[in-house]
**Student:** 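Just passing along the structure, written as structure tokens.
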Amino acid sequence: MDPSDFEEVLRTVRDFVRNQVVPLEDEIERTNAIPQHIRETAASMGLFGFALPQEHGGLGLSMSEDVRLSIELGYATPAFRSMFGTNNGIAGQVISKYGTEEQKERWLPELASGDVVASFALTEEGAGSDPSGLRTRAVRDGSDYLISGAKRFITNAPEAGLFVVFARTDENAEPHKGISVFLVEAGSAGLHVGPPDEKMGQAGALTAEVHFDSVRVPADALVGGEEGTGFSAAMSSLSRGRLHIAAICVGLAERILDEAIGFATTARQGGAPISRFQLVQAMLAESKAELYAARSMVLRAADEFDAGTDTRLAPSCAKLFCSEMVSRAADRAVQVHGGSGYMRGVPVERLFRDSRLFRIYEGTSEIQKLIIAKQLLRDA
């Protein structure tokens with residue numbers, strides 16, 4: 001995208017997020033849903049396809065552009081970003097990078113327009129951080145496949161029109177080599193979506209269990225037309241997704257710090273703002289320093305991702321640091337607010353709960369440490 005055009009996109013999204021989405025956060029929290037007019041406006045702005053190829057209706061943003069946009073998106077409730085995050089990220093990228101031309105032409109334009117919402121059906125009971133242990137099966141039956149199994153914590157499942165499903169097609173292969181990916185349409189016979197999960201935070205970002213009871217799909221639903229590519233497709237998509245999530249954490253931390261500063265400069269103790277207290281100042285300073293470091297890390301990692309010089313280590317470093325950073329910033333913001341920060345209806349209380357999930361999904365902090373350490377030792 002032309003730099004001047006991208007700067008205009010950033011300004012437009014920044015204005016939309018801060019002036020239209022943020023004022024609706026209490027409604028989103030109460031109703032557990034994104035208002036329809038917000039969804040329609042986001043679609044008209046191209047947010048459902050900002051990371052998808054231009055030839056298929058997306059904006060085709062680079063990773064460096066993606067993270068700058070994501071920082072703006074992260075300023076509001078994470079449910080807003082989650083609404084279109086899977087289309088651009090882990091689900092859309094699998095189709096974009098690994099799908100056949102027919103699969104790309106069939107699905108990417110609808111994902112980019114927001115006409116279809118995708119779900120990334122990978123996680124299972126006993127196979128979360130390590131997807132090589134997944135037990136969902138896809139068995140060849142003539143010219144079709146029959147998929148059986150269950151997935152959990154699947155984002156957007158209650159609203160999805162397409163499920164990108166990971167299933168084992170070869171029982172005899174090594175665990176990470178016998179996994180394939182399938183495109184399964186919502187409404188397929190035998191596909192059942194459970195009720196929305198009741199979560200600690202991130203209201204409006206719906207997740208649910210998904211069950212497959214001998215769901216029949218044609219052979220052309222196999223992504224790329226080739227078995228055994230599922231693990232590499234998942235890892236590639238998750239790597240990009242981790243950098244995207246790191247940027248979202250930067251945007252959310254910026255919002256949390258703004259809330260803490262706003263409270264510190266207006267709340268009064270002893271006839272003066274609490275911002276006069278040096279220990280309050282210290283908490284604000286710590287959050288700002290970590291936010292500065294996180295932003296710098298994300299921008300540098302995105303440049304390296306685009307250059308192809310580091311598509312694995314840097315995303316994990318960024319995801320680990322930024323997700324832990326935003327939780328620390330949220331904790332400090334609650335502390336600055338004192339008792340008020342523990343009350344429902346106060347933004348930092350909600351943001352404290354919302355931020356906790358970032359250390360778990362797209363690969364836990366512990367998994368990121370293992371990835372980083374293994375890469376270091378491999379290089380050594």
Side-chain angles (χ1 to χ4, degrees), residues 1-3 5-10 12-14 16-17 39 42-76 78 80-99 103-120 122 155-156 160-162 164 181 183 205 223 233-251 298-299 301-308 310-312 314-315 318-319 322 361-363:
M1 178 177 289
D2 181 86
D5 292 338
F6 179 65
E7 292 300 327
E8 180 59 31
V9 168
L10 283 183
T12 301
V13 170
R14 180 186 179 91
F16 175 60
V17 167
R39 181 181 297 271
S44 70
M45 295 169 66
L47 293 181
F48 280 84
F50 63 79
L52 299 180
Q54 288 182 313
E55 61 266 29
H56 295 297
L59 298 183
L61 298 188
S62 66
M63 195 71 246
S64 296
E65 292 168 332
D66 182 319
V67 297
R68 291 184 62 197
L69 178 66
S70 298
I71 290 171
E72 299 298 339
L73 297 173
Y75 196 84
F80 172 65
R81 191 280 321 178
S82 182
M83 176 176 63
F84 44 77
T86 307
N87 280 29
N88 287 287
I90 47 184
Q93 294 300 318
V94 165
I95 300 173
S96 176
K97 293 181 179 179
Y98 291 88
Q103 290 166 344
K104 294 176 185 178
E105 292 173 4
R106 167 67 181 89
W107 290 110
L108 291 181
E110 291 198 73
L111 296 184
S113 67
D115 290 340
V116 170
V117 172
S119 277
F120 188 76
L122 175 65
T155 300
N156 290 332
L162 175 68
V164 178
V181 197
L183 303 179
V223 172
M235 293 302 99
S236 174
S237 298
L238 286 169
S239 185
R240 181 184 178 114
R242 287 164 181 162
L243 196 42
H244 168 81
I245 290 298
I248 294 293
C249 290
V250 171
V298 165
L299 295 176
D303 287 341
E304 294 181 348
F305 191 97
D306 283 337
D310 188 347
T311 60
R312 182 173 175 82
K319 201 275 182 179
C322 294
Y361 66 7
E362 302 278 350

**Student:** Can you measure from CZ (Arg39) to OG (Ser44) and round to the nearest 0.5 angstrom?
**Tutor:**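 Reported value, rounded in 0.5 Å steps: 13.0 Å.
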**Student:** Do you know the tightest heavy-atom contact between Gly99 and Gln103?
**Tutor:** CA-OE1, 3.2 Å
**Student:** Examine distances only and state if a side-chain atom of Ser82 and a backbone atom of Pro78 form a donor-acceptor pair shorter than 3.5 Å.
**Tutor:** no
**Student:** Keeping Asn87 on the side-chain end and Leu47 on the backbone end, is there a donor-acceptor pair under 3.5 Å?
**Tutor:**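 Side chain of Asn87 to backbone of Leu47: no pair is present.
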**Student:** Any chance you could lay out the side-chain contact (heavy atoms from CB on, under 4.5 Å) test for Leu73 and Val13, step after step, and finish with the verdict?
**Tutor:** CA-CA 7 Å; Leu73 297 173; Val13 170; 3.7 Å; yes
**Student:** For Met235, does its backbone N or O pair with a side-chain atom of Ser239 as donor and acceptor, under 3.5 Å?
**Tutor:** no
**Student:** Knowing that exactly one of Val298, Ile245, Asp310, Leu238 qualifies, which makes a side-chain contact (heavy atoms from CB on, under 4.5 Å) with Pro315?
**Tutor:** Asp310
**Student:** Taking atom CD1 of Ile90 and atom OG1 of Thr155, what is their separation to the nearest 0.5 Å?
**Tutor:**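 Answer for the CD1-OG1 pair, Ile90 versus Thr155, is 6.5 Å.
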**Student:** Counting N and O atoms only, with roles assigned by atom type, does the side chain of Thr311 sit under 3.5 Å from a partner on the main chain of Phe305, one being a donor and the other an acceptor?
**Tutor:**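 Absent.
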**Student:** What are the two closest heavy atoms between Ala118 and Ala160, and how far apart are they?
**Tutor:** C-CB, 4.4 Å
**Student:** Mind checking whether Val17 and Glu72 have side chains closer than 4.5 Å, heavy atoms only?
**Tutor:** no
**Student:** At what distance, to the nearest 0.5 angstrom, does CG of Leu243 lie from CG of Asp66?
**Tutor:** 7.5 Å
**Student:** Name all residues meeting the side-chain contact (heavy atoms from CB on, under 4.5 Å) criterion together with Glu65; count only those two or more places apart in sequence or in a different chain, and write none if there are none.
**Tutor:**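 Only Met1, Phe6, Leu61, Ser62 meet the side-chain contact (heavy atoms from CB on, under 4.5 Å) criterion with Glu65.
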**Student:** Does the side chain of Lys104 come within less than 4.5 Å of Glu55's, by heavy atoms?
**Tutor:** no
**Student:** Return the minimal non-hydrogen interatomic distance between Ala233 and Val94, and the atom names on each side.
**Tutor:** O-CG2, 4.0 Å
**Student:** If you define the side chain from C-beta out and look only at heavy atoms, does anything of Val181 sit under 4.5 Å from Tyr98?
**Tutor:** no
**Student:** Do the side chains of Ile95 and Leu111 get nearer than 4.5 Å, heavy atoms only?
**Tutor:**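 Of all side-chain heavy-atom pairs linking Ile95 with Leu111, at least one is under 4.5 Å.
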**Student:** With sequence neighbours left out, what residues match Phe84 under ring pair (Phe, Tyr, Trp, His ring centres under 6.0 Å)?
**Tutor:** Phe48, Phe80
**Student:** Give me the atom names and distance for the closest heavy-atom approach of Ser70 to Ile248.
**Tutor:** O-CD1, 3.3 Å
**Student:** Closest approach of Leu59 and Phe50, non-hydrogen atoms and distance?
**Tutor:** CB-O, 3.6 Å
**Student:** Under the side-chain contact (heavy atoms from CB on, under 4.5 Å) rule, what do Gln93 and Leu52 come out as? Steps first, then yes or no, please.
**Tutor:** CA-CA 7 Å; Gln93 294 300 318; Leu52 299 180; 4.2 Å; yes
**Student:** Using a strict cut-off of less than 4.0 Å between a Lys/Arg side-chain nitrogen and an Asp/Glu carboxylate oxygen, indicate whether Glu362 and Arg242 qualify as a salt bridge.
**Tutor:** no
**Student:** Answer yes or no: is there a side-chain heavy-atom contact under 4.5 Å between Val164 and Leu183?
**Tutor:** yes
**Student:** Restricting to non-hydrogen atoms, name the atom on Lys319 and the atom on Gly363 that form the minimum distance, rounded to 0.1 Å.
**Tutor:** NZ-O, 2.8 Å
**Student:** Atom CZ of Arg240 and atom CE of Met63: how far apart are they, to the nearest 0.5 Å?
**Tutor:**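 Answer for the CZ-CE pair, Arg240 versus Met63, is 4.5 Å.
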**Student:** Testing the 3.5 Å rule here: is there a donor-acceptor pair between the side chains of Asp303 and Ser64?
**Tutor:**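 There is such a pair (donor and acceptor under 3.5 Å, judged by atom type) between the side chains of Asp303 and Ser64.
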**Student:** Can you measure from CZ (Arg81) to CE (Met83) and round to the nearest 0.5 angstrom?
**Tutor:** 10.5 Å
**Student:** Measure the shortest side-chain to side-chain distance between Val67 and Leu299 over non-hydrogen atoms and say whether it is less than 4.5 angstrom.
**Tutor:** yes
**Student:** I would like to know whether Leu162 and Glu110 meet side-chain contact (heavy atoms from CB on, under 4.5 Å); could you show each step before the answer?
**Tutor:** CA-CA 10 Å; Leu162 175 68; Glu110 291 198 73; over 6 Å; no
